[in-house]
Amino acid sequence: DLIVHVRDITHPETVLQKATVLSVLRNLNLPSHLLDSMVEVHNKVDLIERYKPTEENALAVSALHGLGLEELKKEIEKKILTTTGKKILTVNINLEGPQLSWLYKEATVQEVEVMPEDGTARVKVIIGNSAFGKYRNLFPN
């Protein structure tokens, strides 16, 4: 669903390495949307003082020190959701009904926050448009 190209930005041949990787990817005849949505990551930015990527849409990280990893995670999540046509939603459900079981079967449940005082839960899911349409039809409230 997504290509993440991680570059050692401190390598003296980093620009040539990027060109080589892009050439190989193009020769694999991958769908154009994969190449167009590729995430480029510049790693080892901790070794270059005040590093700022000059390339558009490149993310600067230091895997060693954890710098930029949260932004990278968000970018990957955003691109994957766009590519797969899914979205992240939080729905309120009644725990006495079949909604939670249905969500576990038809979506990816990420988090369940139970409200014991009223027998409900807040459920965070990754769900496709089609499955969400079915959910709304089955559980209109």
Side-chain angles (χ1 to χ4, degrees), residues 1-116 118-141:
D1 293 323
L2 180 66
I3 297 171
V4 178
H5 180 202
V6 180
R7 293 171 54 193
D8 174 352
I9 207 64
T10 65
H11 193 282
E13 299 294 333
T14 189
V15 174
L16 178 61
Q17 288 175 336
K18 176 183 179 175
T20 303
V21 167
L22 292 176
S23 174
V24 169
L25 290 173
R26 280 190 209 99
N27 288 334
L28 292 174
N29 294 319
L30 299 171
S32 62
H33 75 273
L34 270 178
L35 294 174
D36 295 340
S37 67
M38 180 170 56
V39 175
E40 179 157 327
V41 181
H42 293 179
N43 191 26
K44 297 189 180 179
V45 299
D46 55 298
L47 300 177
I48 300 175
E49 193 172 324
R50 293 191 206 116
Y51 179 79
K52 294 273 188 228
T54 56
E55 298 165 38
E56 195 176 326
N57 300 323
L59 297 170
V61 305
S62 168
L64 180 64
H65 296 288
L67 300 172
L69 295 183
E70 194 57 38
E71 293 84 1
L72 174 59
K73 179 182 167 192
K74 287 176 185 172
E75 182 66 15
I76 290 172
E77 185 175 83
K78 182 179 88 174
K79 296 247 181 166
I80 289 288
L81 291 173
T82 300
T83 301
T84 61
K86 295 184 178 182
K87 55 186 149 206
I88 297 177
L89 296 174
T90 300
V91 293
N92 294 316
I93 64 163
N94 183 331
L95 289 171
E96 292 178 4
Q99 291 100 320
L100 186 57
S101 175
W102 190 93
L103 287 169
Y104 270 109
K105 287 181 196 163
E106 303 296 330
T108 302
V109 175
Q110 288 193 310
E111 196 175 295
V112 178
E113 182 184 350
V114 175
M115 315 299 174
D118 63 1
T120 65
R122 239 182 244 118
V123 183
K124 183 177 174 184
V125 296
I126 299 173
I127 191 166
N129 291 330
S130 172
F132 186 60
K134 289 177 191 174
Y135 177 85
R136 284 193 317 216
N137 286 338
L138 289 168
F139 312 108
N141 297 336

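Model, not experiment: these values are computed from the prediction.
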Where do [X] and [Y] come nearest, in terms of heavy atoms and distance?
| X | Y | result |
| --- | --- | --- |
| V45 | Y51 | CG1-CD2, 3.3 Å |
| P53 | A58 | CG-O, 3.7 Å |
| D46 | L64 | OD2-CD2, 4.3 Å |
| G119 | N94 | O-OD1, 3.5 Å |
| I3 | L35 | CD1-CD2, 4.3 Å |
| A121 | V112 | CB-CG1, 4.1 Å |

Return the set of residues passing salt bridge (Lys or Arg N to Asp or Glu O under 4.0 Å) with [X] (not counting sequence neighbours), or none when no residue passes.
| X | result |
| --- | --- |
| K86 | none |
| R26 | none |
| E111 | none |

**Request:** Show your reasoning for whether side-chain contact (heavy atoms from CB on, under 4.5 Å) applies to V39 and L59.
**Result:** CA-CA 8 Å; V39 175; L59 297 170; 4.0 Å; yes
**Request:** Show your reasoning for whether side-chain contact (heavy atoms from CB on, under 4.5 Å) applies to L2 and S37.
**Result:** CA-CA 7 Å; L2 180 66; S37 67; 4.0 Å; yes
Find the distance between [atom1] ([X]) and [atom2] ([Y]) and round it off to the nearest 0.5 Å.
| X | Y | atom1 | atom2 | result |
| --- | --- | --- | --- | --- |
| T90 | E113 | OG1 | CD | 9.5 Å |
| L67 | K44 | CG | NZ | 14.5 Å |
| K105 | L103 | NZ | CG | 11.0 Å |
| I48 | T10 | CD1 | OG1 | 6.0 Å |
| H33 | T82 | NE2 | OG1 | 11.5 Å |
| L81 | I127 | CG | CD1 | 12.5 Å |

**Asked** Do the rings of F139 and W102 sit parallel, tilted or perpendicular, given the 30° and 60° boundaries?
**Response** perpendicular
**Prompt:** Yes or no on side chain to side chain donor-acceptor pair (under 3.5 Å) for R7 and T14, after CA distance, side-chain angles and deciding distance?
**Reply:** CA-CA 7 Å; R7 293 171 54 193; T14 189; 3.1 Å; yes
Please tell me if the side chains of [X] and [Y] come closer than 4.5 Å, counting only heavy atoms from C-beta onward.
| X | Y | value |
| --- | --- | --- |
| H5 | L25 | no |
| I126 | L89 | no |
| K124 | V91 | no |
| V109 | V123 | yes |
| V125 | I88 | no |

I'd like to know if [X] and [Y] make a salt bridge, using a cut-off of under 4.0 Å between side-chain N and carboxylate O.
| X | Y | result |
| --- | --- | --- |
| E71 | K74 | no |
| K134 | E106 | no |
| K18 | E40 | yes |
| E75 | K79 | yes |

**Prompt:** Do the side chain of N43 and the main chain of A63 share a donor and acceptor less than 3.5 angstrom apart?
**Reply:** yes
**Asked** Does H11 use its side chain to pair, donor to acceptor, with the backbone of E13 at less than 3.5 Å?
**Response** yes
**Request:** Verify the neighbour count for atom CD of E55: are there more than 12 heavy atoms of other residues, nucleotides or ligands below 6.0 Å?
**Result:** yes
**side-chain contact (heavy atoms from CB on, under 4.5 Å) between I93 and Y135, intermediate numbers included** = CA-CA 11 Å; I93 64 163; Y135 177 85; 3.3 Å; yes
